[in-house]
Each structure stands twice: as structure tokens, then as C-alpha cells.
> 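First the structure, which I've put down as C-alpha cells, then a few questions once you've had a look.
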Amino acid sequence: MIKAQRGTKDILFDESYNWERIEKIASETFRKAGFSKIQTPIFEATELFNRGVGESSDIVNKEMYTFSVGGAKKNENSITLRPENTAGVVRAYIEHNLSRLSPPQKFWYFGPMFRYERPQAGRQRQFHQIGIEAFGVEDPSMDAEIIFLAINLLKSFNLSDFEVELNSLGCKTCKEEYKNSIKEAILPYLDKMCPDCKVRYQKNPLRILDCKQPSCQEILGLEEIKKVVLKDYICPHCKNHFDTLTNYLDELGINYKINKFLVRGLDYYNRTVFEIKSSHLGSQSAILGGGRYDSLVETLGGPKTPAIGFALGVERLYSLIEKVEVQKPDYYIVSNNQKEALKLALKLRESGKSAEFDYGNRKFSKQLEKASKTAKKAIILGEDEINQGFYSVKDLSSSEQIKVDNYNDLI
RNA sequence: GCGGAUAUCGUCAAGUGGUUAAGACCUCGGAUUGUGGUUCCGAUAUGCGUGGGUUCGAGUCCCACUAUCCGCCCCA
């Protein structure tokens, strides 16, 4: 038997219905904020992610679904199933010259992403993200709006038990300085750190701050290291940006926690980064994450354009929300005349009712049994009804059966 | 990539080396030829993740593989 691939799953019945609801609620929330939906391809040139997400990230290093196409001329065209969607949206932004339009340009998306990882609670190889990307605004009011929107989105799913973490990574220049001072501080302890951190030290030292290894945690906990990490390293410009943002958030009554150790795993982030966590998710506690990526558009060949966005894990969100059952159809038509049953069902649907009918030409007791399990009311369309031109309508919860002479009384 | 647990029908499961692999739910049929939700009767795994091995005999023991779940890493 052929089974669904490891880390992938089928979404059926009520689950599928709840997914539709999620998309609808997200769509409404974003539409009100002036975001339009963007749909980009599921695969892109591998190069896009190498340059966009970054060579030092785990995603690019070991989690991409990359393959070459083009038959015998292998490696001619290396493509990759998107591991995230920011790079794709930025590519589209550049390709369609959207920077020529009056800023800001605001987009949202919903779709599958692919990462080759070991599946676990809250982690699949094909998973879905809802996200937004906004281009062309540097002002911190945009950061505040985006963060508010993220919170607002979660609240529209009736979630309240989550925590917002916030940090600023600084801009290109002060981020470099920060990196260097971290490297300097850590150097004496480097040989005691885990192998991963030794690599990070070279490639992306900020990620060391994220390390969960006890040995590394111990070193990060040392006073002299903490002093360097917690020092306000960011430049006055970035500090001003961050302070204005937190001021706005305070003004909006948003609870957040500044976490100086919050460093995100994708290379393109700078300045504002944030993450929303729930304690009900197990070890994969992040439900949403995002931040600024002011140089990504330029990195990928576009004009210098500030930008910010976030992505939400739909499977993780799904596990937190209250589920809704699919509504039963209004009518189930019980009949041994499939032609008349079909005609009536189609007519009812045209009148705005939901209606199903029995295909089986089975005994009425069987048809009614099915009706009682699946529908609110049964319309019995037997020989008497067809010949004499009326409908017997039975309310399946009260057992009450009435004779309806006029079709209009059914709708 | 590393650790731990698990794998018996569509679902939940009993089974701890010995005849034909319990049971429940779901599904289907009948009791009831035009009246369901309650009741009663019946049907449904030549099969126990896959492949080997031990044994007179394997769902049960051993080995390998695969998958799932949980944790690490990382992320959403």
C-alpha cells in the first residue's frame, strides 16, 4: 500500500472545514488592514533561497527539498520546494517592479511550505503558513501595526493565552559591531562550547545566543558574557526606532517581553524581530514569528526597500483553536424515484438550501436512517407525493411530519 | 543528524509460545415491501508494519528495515 509521505498528512472532513474557517478569518483580518492576497509558486530557483534565507541558516544547510530538472542535462536548473515564503514574495515584488507603485505594498499568503526535518509534535515536512509581508515603510508605526495585526489575528481565533517576545537586532552596521563584541567575549570559552556553536561562531555568531545546550547555556549565563549581550549595543538610530516601537505598543496596550536572546534563524532579519509563543504547544512553542528585513529586497537584486512581515504555523494554530462541526444539510430527500429526487435537490440548492438525496433506491427505513444521521430534515418523495404533487417533510429531531403542498414553503 | 517509546480490521483495542485472532464503535444487510434516532439478529482481519530467523508450533521470542509518536537540534 502506498502511504502519505513521512511528515505529510491528509486533511479530511471537519478538519478541512476548520481549515477553511481559518483562512476565511485570516483573509477578513488582513483585508481590513489593506493587505491583498498573493499566490507565488510552490517551487523557486534554489538560488533564491540560498541568497534570500541565507547560507548559514539550518533551512538552507540541511532542510531544503532541492532537485534538478531538465532530464539529461542535470544541474542545469536546480529548483527547491519553498521552505518559507518571504523570499518568494520578495522575488515577485522585484520581478513585477512593484517598487514603482506608491508604498506601502502589503500582501498576505496562505500555503504549504516544505522542510526536510524529523517530524514531531507541531512539526511536519509539509506544513502551512499564513503570513504577511509589507514593503516600503521604515517608520516604526508599521512595525507596531504588524505586531498588532499578529495579535489581533490570534485573538480573532479566540486565543488569549500567548506571549509576545520582542527584540531589535540592529541595522547592518551595528549588527556587525555587536557580532564582533559577542565573538570577542565568547572567544575564551569557545573550545568548551558545543560543535554547532563552534560553527555558528564563524558563520552567524548571534545564533549562539539561541543555543539550548546546557554547556553553552552555562557560558552564556556568565556575568561577563551577559554584560556584553545585555548592553545596549544598537546604534542611536536603531535604538530610536525600537524605543518608538515599544512606545507605540505601550500606547496600544500590548503586553510584550523584551528578550535580548531572541535571535531568529533566518539570516535576512534585522532591527525588529518578534515571536509569539503558546505554552500549550509542547516543545514547538512558537506559533508565529517575524521581523524586519530591510536589506533583503536589495540582496535579491531590487531597489533598497525596507520591509517587514511575519508567518504563522497553521498546524500549530489549528491545535490550539476550538473546532467547529460542519453544518448538516437542510434536507435529505428520501425517494425511490431518483429522477424526481435529483430534480428536487438541484432546485432546492438553487433556492439557497442545502440538499442531498438518496442514490440507492433502498428501503425507506434505510434512507431515513441515513437522513437522520446526516440532515436536519427529510423530504419524503414517494409515489403518493409525486402523483398528488405534495411533499412530506419530517423534522428529524422532533419526529414531526408535515404535509407541504407548496414548494415555496420548503425554502 | 542524535536519543526514547510504539506498530493487531476504517477507529479504539484484548491477546505474555499451543486448537478456527476476543470485544466495542463505525459500515453493510435483515427483523420492519412508505418512516429514522431505541431494540434484536447477522456480515465484515487466511491477518497481527515489512523482510528474515529460532521452534514441532510465532501476533507473542530474536535480528534487520520501515513508519508513527515523544524529546534534542532548528523553526512556524
Side-chain angles (χ1 to χ4, degrees), chain A residues 1-9 12-13 53 56-63 83-86 110-131 150 154 194-197 199-200 204 207 210-214 216 262-266 269 273-278 281-291 309-320 332 334-337 358 360-386 392-401:
Chain A
M1 177 151 76
I2 299 172
K3 292 179 178 168
Q5 289 297 289
R6 182 169 200 198
T8 69
K9 65 178 285 209
L12 307 165
F13 304 122
V53 177
S56 80
S57 67
D58 280 12
I59 292 177
V60 168
N61 277 313
K62 47 188 190 190
E63 297 174 3
E84 58 94 59
N85 206 27
T86 299
F110 182 173
M113 307 296 156
F114 306 86
R115 291 183 200 173
Y116 187 77
E117 294 181 275
R118 189 93 177 247
Q120 195 194 117
R123 197 170 71 191
Q124 290 175 232
R125 290 182 171 177
Q126 175 173 337
F127 64 102
H128 296 75
Q129 288 186 333
I130 292 176
L154 297 182
C194 71
D196 281 342
C197 280
V199 177
R200 286 174 188 143
N204 191 355
R207 291 266 309 285
D210 242 358
C211 190
K212 311 292 189 302
Q213 291 291 323
C216 297
L262 176 64
V263 178
R264 302 187 47 74
L266 285 69
Y269 286 115
V273 290
F274 60 96
E275 211 162 87
I276 300 184
K277 294 178 173 176
S278 165
L281 279 175
S283 68
Q284 312 302 324
S285 62
I287 176 168
L288 183 154
F310 69 70
L312 161 98
V314 180
E315 282 80 2
R316 291 182 190 176
L317 173 71
Y318 182 84
S319 69
L320 294 172
Y332 190 90
V334 171
S335 181
N336 284 329
N337 185 329
D358 202 281
N361 195 12
R362 299 181 298 166
K363 299 163 77 164
F364 275 25
S365 65
K366 286 296 161 196
Q367 295 194 30
L368 264 151
E369 191 181 332
K370 170 103 176 182
S372 70
K373 282 175 190 159
T374 56
K376 292 174 191 158
K377 290 180 179 179
I379 295 179
I380 294 147
L381 200 60
E383 276 177 45
D384 294 350
E385 283 84 353
I386 293 167
S392 296
V393 179
K394 181 161 192 167
D395 186 307
L396 292 161
S397 51
S398 68
S399 288
E400 214 178 313
Q401 183 166 327

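These numbers come from the heavy atoms of this one structure, side chains and all, not from hydrogens, waters or symmetry mates. Per chain, numbering begins at 1; letters A, B, ... match sequence-line order.
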> How far does the C1' atom of B:rU66 sit from the matching atom of B:rC74, given to the nearest Å?
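It comes out at 25 Å once rounded to the nearest Å.
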> Given B:rG34, B:rA76, B:rU35, identify the nucleotide with an atom nearest to the side chain of A:E385.
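The listed nucleotide nearest to A:E385's side chain is B:rG34.
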> What integer number of Å spans the P atoms of B:rU60 and B:rA21?
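Per the computed distance, 14 Å lies between those P atoms.
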> When rounded to the nearest Å, what value does the distance between P atoms of B:rU50 and B:rU44 take?
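So the two P atoms sit 22 Å from each other.
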> Quick one, give me the B/S/- string for nucleotides 65-72 of chain B, reading 5' to 3', where B means a protein heavy atom under 4.0 Å from the base and S means that only happens at the primed atoms, P, OP1 or OP2.
--SSSSBB
> Pick the P atom in B:rA43 and in B:rC25, then give their distance to the nearest Å.
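Roughly 15 Å separates the two P atoms.
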> How is A:E117 classified with respect to the nucleic acid when contacts are heavy atoms under 4.0 Å: base, sugar-phosphate, or nothing?
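Result for A:E117 = base.
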> Among B:rG30, B:rG34, B:rC74, which nucleotide sits nearest the side chain of A:K366?
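Of the options given, the side chain of A:K366 lies nearest B:rG30.
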> Between A:R200 and B:rC74, does any side-chain N or O lie under 4.0 Å from OP1 or OP2?
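It does, given that an N or O in the side chain of A:R200 lies less than 4.0 Å from OP1 or OP2 of B:rC74.
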> Look at all strands and tell whether A:D384 reaches a base, only sugar-phosphate, or nothing, counting heavy atoms closer than 4.0 Å.
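Base contact.
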> Would you mind classifying the nucleic acid contact of A:I380 as base, sugar-phosphate or nothing, using non-hydrogen atoms under 4.0 angstrom?
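Base contact.
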> Give a yes or no on whether a donor-acceptor pair under 3.5 Å exists between the nucleobase atoms of B:rG36, that is its base, and the side chain of A:K394.
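Indeed there is one.
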> How long is the straight-line distance from CG of A:L368 back to CD1 of A:I380, given to the nearest 0.5 Å?
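A:I380 atom CD1 to A:L368 atom CG measures 5.0 Å (nearest 0.5 Å).
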> Send over the distance from A:I59 CD1 to B:rC74 C1', rounded to a whole Å.
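The answer, rounded to whole Å, is 8 Å.
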> Taking NZ from A:K373 and P from B:rU35, how many angstroms apart are they, rounded to a whole number?
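Roughly 17 Å, once rounded to whole Å.
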> Could you list the residues that satisfy side chain to side chain contact (heavy atoms under 4.5 Å, CB included) with A:N61, not counting sequence neighbours?
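Counting only residues at least two positions away or on another chain, A:N61 forms a side chain to side chain contact (heavy atoms under 4.5 Å, CB included) with A:K203.
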> Mind checking what makes side chain to side chain donor-acceptor pair (under 3.5 Å) contact with A:Q126, not counting sequence neighbours?
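Partners of A:Q126 by the side chain to side chain donor-acceptor pair (under 3.5 Å) criterion come out as none, since no residue qualifies.
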> If we take the C1' atom in both B:rU20 and B:rC26, what is their distance in whole Å?
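Their C1' atoms lie roughly 26 Å apart.
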> CD of A:E63 versus C1' of B:rA76: gap in Å, rounded?
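Rounded to the whole Å, the gap is 12 Å.
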> One pair to check against salt bridge (Lys or Arg N to Asp or Glu O under 4.0 Å): A:E400 and A:K394. What are the steps and the verdict?
CA-CA 6 Å; A:E400 214 178 313; A:K394 181 161 192 167; over 6 Å; no
> For the P atoms, the ones on B:rC65 and on B:rG1, what distance do you get once it is rounded to whole angstrom?
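Pairwise P distance, B:rC65 against B:rG1, rounds to 13 Å.
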> Quick one: look up who B:rC40 pairs with, Watson-Crick or G-U, both distances under 3.5 Å, and put none if it's unpaired.
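Partner of B:rC40: B:rG30.
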> Where the side chain of A:Q367 meets the backbone of A:S335, is there a donor-acceptor pair that is under 3.5 Å apart?
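Side chain of A:Q367 to backbone of A:S335, a donor-acceptor pair under 3.5 Å: yes, one is there.
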> Can you tell me if A:K370 has over 12 outside heavy atoms packed within less than 6.0 Å of its NZ?
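Open.
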> B:rA76 P sits how many Å from A:L317 CG, rounded?
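Roughly 15 Å, once rounded to whole Å.
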> Describe the nucleic acid contact of A:E275 in one word from base, sugar-phosphate, nothing, applying a heavy-atom distance below 4.0 Å.
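A:E275: no heavy atom of the nucleic acid under 4.0 Å.
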> Is there a Watson-Crick or G-U wobble partner for B:rG59 with both distances under 3.5 Å, and if so, which one is it?
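With both distances under 3.5 Å required, B:rG59 matches none.
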> I need the CZ-P distance between A:F364 and B:rU35, as an integer number of Å.
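That distance rounds to 9 Å.
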> From the list B:rG36, B:rU32, B:rA76, which nucleotide is the closest neighbour of the side chain of A:L368?
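Nearest nucleotide to the side chain: B:rG36.
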> Roughly how far apart, to the nearest Å, are B:rC9 and B:rA24 at atom C1'?
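Those two atoms are separated by 13 Å.
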> Counting Watson-Crick and G-U wobble pairs only, both distances under 3.5 Å, name the nucleotide matched with B:rC25, or none.
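Result: B:rG10.
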> Across all strands shown, which nucleotide pairs with B:rU68 by Watson-Crick or G-U wobble geometry, both distances under 3.5 Å?
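Looking at the geometry, B:rU68 pairs with B:rA5.
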> Searching all strands shown, indicate the nucleotide that pairs with B:rC73 (Watson-Crick or G-U wobble; both distances under 3.5 Å).
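Check on B:rC73: unpaired, no WC or wobble geometry under 3.5 Å.
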> NA contact type, A:L396, heavy-atom cut-off 4.0 Å: base, sugar-phosphate, or nothing?
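The residue A:L396 makes base contact.
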> Looking at A:Y116, does the NZ or CZ of A:R125 lie under 6.0 angstrom from its six-membered ring centre and within 45 degrees of the ring axis?
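Yes, A:R125 sits over the ring of A:Y116.
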> Classify A:A311 by what it touches in the nucleic acid, base, sugar-phosphate, or nothing, heavy-atom distance under 4.0 Å.
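Counting heavy atoms under 4.0 Å across all strands, the contact made by A:A311 is with sugar-phosphate only.
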> Between B:rG57 and B:rG17, how many Å separate the two C1' atoms, rounded to a whole number?
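After rounding to an integer number of Å, I get 8 Å for this pair.
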> So does A:Q401 reach the base of B:rU35 with its side chain, donor to acceptor, closer than 3.5 Å?
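Indeed, a donor on one side and an acceptor on the other fall under 3.5 Å apart.
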> Before giving the answer on salt bridge (Lys or Arg N to Asp or Glu O under 4.0 Å), spell out for A:R200 and A:D58 the whole-Å C-alpha distance, their side-chain angles and the decisive distance to 0.1 Å.
CA-CA 11 Å; A:R200 286 174 188 143; A:D58 280 12; 5.3 Å; no
> What is the nucleic acid contact for A:G382, judged by heavy atoms within less than 4.0 Å: base, sugar-phosphate only, or nothing?
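Base: the residue A:G382, judged by heavy atoms under 4.0 Å, touches a nucleobase.
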> Describe the nucleic acid contact of A:S397 in one word from base, sugar-phosphate, nothing, applying a heavy-atom distance below 4.0 Å.
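A:S397: base contact, heavy atoms under 4.0 Å.
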> Roughly, in whole Å, what's the span from CG in A:L381 to C1' in B:rU35?
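Result: 14 Å.
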> Tell me whether A:E315 contacts the main-chain N or O of A:H128 through its side chain, where contact means a donor paired with an acceptor under 3.5 Å.
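The answer is yes, because a donor-acceptor pair under 3.5 Å joins these two groups.
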> Does A:P119 reach the side chain of A:Q124, with side-chain heavy atoms less than 4.5 Å apart?
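No, their side chains stay 4.5 Å or more apart.
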> Nearest-Å distance, CD (A:E369) to P (B:rG30)?
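In whole Å, B:rG30 P and A:E369 CD are 10 Å from each other.
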> B:rA76, B:rA31, B:rG36: which one has an atom nearest the side-chain heavy atoms of A:K363?
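Side chain of A:K363 sits closest to B:rA31.
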